[in-house]
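The residues of the chain are indexed from 1 along the displayed sequence. Keep in mind that the numbers below use all heavy atoms, side chains included, and drop hydrogens, waters and symmetry copies.
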Amino acid sequence: MLSSARTAPLLLLLLHLVSALKQPNVVLLLADDLGWGDVPWHDARTIAPNLMELATTGTIFDRYYVQPICTPTRGALMTGKYPSRLGLQHLVIGPDTPYGLPLNESILPEYMRKLGYSVHGIGKWHLGHCSWDHTPTKRGFDSFYGYFNGATDYYTKVLGAFTGPSGFDFRYNTLANSGKVKDDVLWSTNTTYSSYLYTQQAKHVISTHDKSKPLFLYLPMQNPHFPAEVPTQYYDMYEGIVKDKTRRTLLAMVTALDDIVKSVVDTLKDSGLWENTVFIFFADNGGQLGIFSIGQINYPLRGGKATYWEGGIRSASFIHSPLLQGGQVNGELMHVTDWLPTITHIGACGVEPTNCTGPELANIDGVNQWNTIIGQSKSARTEFLVNYDQEQNNAALRMGKWKLLQGNPGRGPWVPPPEINYRKYKENVLSTTPEEKVMDGWEFEIRGEQEIKAPWRTKLTDKVQLYDVESDPYEKHEVSKDNPEVVQQMLERLQVYKDAAVPPGNKPSDPNANPDNFGGVWTPWLETC
């Protein structure tokens with residue numbers, strides 16, 4: 001019989017191994033500006049077999065919502081709070097604007113590190129880099145590989161060539177023992193398509209991971225954001241499938257994204273990590289429409305990126321894990337703020353139903369949706385704030401089946417795929433009334449063909465619209481006049497969120513941020529900001 005002195009270390013080792021097995025690895029992949037109609041389970045012509053396999057053998061979220069645009073979604077994901085409480089509710093953080101995700105906020109990677117995870121980020125940050133304290137490795141990541149800003153070139157890694165100061169933005173960051181960021185600017189990547197680089201780095205992180213610790217891998221990918229760039233091999237795959245060149249390029253960019261997914265999953269399998277991994281996928285906002293579109297489609301939803309219409313905030317998303325039952329569609333209401341409490345819950349408690357409560361998360365807007373995801377309960381939420389933007393004087397709220405829009409919600413066309421004749425589609429499907437066209441206040445453009453003209457910046461600050469988005473998911477029928485009690489109730493509830501909001505944190509461009517001051521590189525330029 002072993003003595004207690006000899007068994008104690010063995011017991012500690014056993015407990016450590018059991019704890020490590022209980023904590024799943026988590027891979028969280030964001031697709032950038034991916035439209036509702038750009039995924040293979042909504043458009044069969046999208047060549048993305050790996051995403052399709054994971055989605056259809058996992059759980060597809062049919063009522064999952066995000067913010068209308070990049071920075072706000074990322075802020076909500078990281079903090080579990082609505083952007084209007086973070087000062088991130090208005091537009092996005094520019095490369096030369098001295099503000100970012102507030103430093104007094106504890107964020108997802110910090111919580112995961114405290115739970116014992118190795119935490120790595122690969123891709124797009126876009127939460128501010130005015131000071132080094134705002135950058136990923138000062139905010140919980142063990143390493144970060146990618147770019148700080150919002151729309152770099154896929155090959156040259158240059159941002160700003162057509163919009164203002166221009167600079168290189170691609171690096172590998174770790175944290176030195178001194179606490180300072182070790183910043184390796186990766187000049188040699190300036191001719192390689194970025195998805196190839198992300199694949200290479202993800203494979204490296206996974207294959208060299210210390211298996212005594214669980215892994216949290218954050219993959220905010222670039223595809224299929226502007227600019228429209230893709231290797232010929234992907235474009236050629238759509239020969240005879242998609243005629244429209246713009247749409248063909250966009251879908252090819254989705255296929256390139258799918259190859260990243262394949263490499264990540266294959267490497268997890270080869271490394272013996274896949275069986276204990278939870279894989280989460282979603283789009284950060286709807287696809288871009290209008291003159292800045294590169295071919296995204298949110299069909300049949302209305303509107304797109306940077307609007308409060310369903311096409312701007314309803315995200316193509318799923319979860320997949322060998323640990324979970326798959327092959328289902330979850331129609332429960334979920335929001336991007338829910339991932340912080342949900343992921344930290346499984347990080348602390350594992351994936352099985354349990355009374356474990358996970359880490360204490362005070363004063364957040366997100367709710368733990370794990371029991372909803374595994375089919376044990378209905379959604380833990382009945383409402384969410386779409387946004388409140390004091391600069392644009394607009395707001396939107398979802399309560400139950402109702403969606404209230406106050407002020408101008410942004411351009412709201414229904415844009416079908418290019419092979420559909422829009423005029424016939426408009427006449428036979430939409431049947432939009434003249435009143436709704438004017439109230440929407442948008443200027444519709446599709447592939448350069450002007451269909452309808454209306455002043456899209458019409459000031460609608462006093463206008464309130466109401467939609468039943470359960471029975472009318474395409475937002476064709478405005479019903480505020482028929483439901484005055486609902487409108488009043490929602491306006492009162494919306495006021496609660498307005499009272500909790502802080503002013504937008506946006507600041508004017510700072511000429512000191514010019515990359516010319518830093519050897520041609522976008523880099524932190526202030527000690528504090």
Side-chain angles (χ1 to χ4, degrees), residues 62-68 72 76 81-85 89 286 300-303 307-315 330-338 364-367 369 372 377-414 430-442 454 458-501:
D62 195 45
R63 294 291 186 275
Y64 170 66
Y65 288 85
V66 292
Q67 298 304 129
K81 294 183 179 182
Y82 296 130
S84 58
R85 295 182 58 202
Q89 65 269 51
L301 303 180
R302 184 177 186 178
T307 78
Y308 298 164
W309 302 108
E310 292 291 280
I313 60 174
R314 190 169 165 188
S315 170
N330 185 317
E332 295 295 319
L333 191 65
M334 292 180 60
H335 188 259
V336 62
T337 54
D338 298 338
I364 65 171
D365 299 302
V367 293
Q369 295 277 24
T372 303
S377 68
K378 294 288 187 179
S379 176
R381 71 162 59 248
T382 58
E383 69 179 48
F384 66 88
L385 177 67
V386 175
N387 198 33
Y388 168 48
D389 186 339
Q390 299 96 312
E391 289 294 318
Q392 293 183 340
N393 198 18
N394 60 20
L397 175 68
R398 172 77 183 266
M399 283 182 62
K401 68 179 184 178
W402 300 106
K403 180 177 175 184
L404 182 82
L405 303 172
Q406 185 181 49
N408 189 341
R411 303 173 66 247
W414 295 265
L430 298 184
S431 302
T432 310
T433 67
E435 179 185 4
E436 285 173 318
K437 290 174 185 174
V438 173
M439 179 167 54
D440 176 28
W442 46 263
T458 301
K459 292 185 178 180
L460 301 173
T461 54
D462 296 326
K463 178 65 69 175
V464 171
Q465 301 178 63
L466 183 69
Y467 295 88
D468 177 350
V469 290
E470 289 188 1
S471 63
D472 178 27
Y474 311 142
E475 297 169 295
K476 292 166 52 181
H477 307 292
E478 200 286 309
V479 294
S480 60
K481 293 181 180 179
D482 299 328
N483 299 275
E485 299 87 356
V486 174
V487 170
Q488 184 59 36
Q489 179 187 10
M490 294 187 72
L491 286 173
E492 291 174 0
R493 183 60 180 157
L494 183 58
Q495 188 60 48
V496 174
Y497 289 113
K498 290 182 176 182
D499 291 342

* **Aromatic Tyr65 / basic Arg63 pairing, under 6.0 angstrom, 45° off normal** =>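 Verdict for Tyr65: no cation-pi partner in Arg63.
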* To do: Return the set of residues passing salt bridge (Lys or Arg N to Asp or Glu O under 4.0 Å) with Glu470 (not counting sequence neighbours), or none when no residue passes.
  =>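 For Glu470, no residue satisfies salt bridge (Lys or Arg N to Asp or Glu O under 4.0 Å) once neighbours in sequence are set aside.
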* Applying salt bridge (Lys or Arg N to Asp or Glu O under 4.0 Å), name anything that partners Arg381, two or more places apart in sequence or on another chain. =>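 Once residues adjacent in sequence are excluded, the partners of Arg381 under the salt bridge (Lys or Arg N to Asp or Glu O under 4.0 Å) criterion are Asp338.
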Close side-chain approach of [X] to [Y], heavy-atom, < 4.5 Å:
X      : Y      : answer
Thr337 : Ile364 : no
Tyr308 : Pro68  : yes
Gln390 : Gln89  : yes
Glu475 : Val469 : yes
Ile313 : Lys403 : yes
Leu404 : Val464 : yes
Asn387 : Pro72  : no

Would a distance-only check, ignoring hydrogens and angles, find a side-chain to backbone donor-acceptor pair under 3.5 Å from [X] to [Y]?
X      : Y      : result
Asp472 : Lys476 : yes
Arg85  : Tyr497 : no
Gln406 : Ala396 : no
Asn393 : Gly407 : no
Asn394 : Asn408 : yes
Trp309 : Gly410 : yes
Trp414 : Tyr474 : yes
Arg398 : Gly400 : yes

* **CE on Met490 to OG on Ser480, rounded to 0.5 Å** =>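 Those atoms lie 11.5 Å apart.
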* Rounded to the nearest 0.5 Å, how far apart are CG of Leu333 and NZ of Lys401? ->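 It is 14.5 Å, given to the nearest 0.5 Å.
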[X] to [Y] - nearest heavy-atom pair and separation:
X      : Y      : answer
Glu383 : Tyr82  : O-OH, 4.1 Å
Leu494 : Ala395 : CD2-CB, 3.8 Å
Tyr467 : His477 : CD2-O, 3.2 Å
Leu466 : Asn483 : CD2-CB, 3.7 Å
Leu397 : Phe384 : CD1-O, 3.3 Å

* Please determine which of Glu332, His335, Gln369 meets the side chain to side chain donor-acceptor pair (under 3.5 Å) test together with Ser379. =>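 Of Glu332, His335, Gln369, side chain to side chain donor-acceptor pair (under 3.5 Å) with Ser379 is met by Gln369 alone.
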* Could you walk me through whether Gln488 and Glu492 pass side-chain hydrogen bond (donor to acceptor under 3.5 Å, both in side chains), step by step? => CA-CA 6 Å; Gln488 184 59 36; Glu492 291 174 0; 3.1 Å; yes
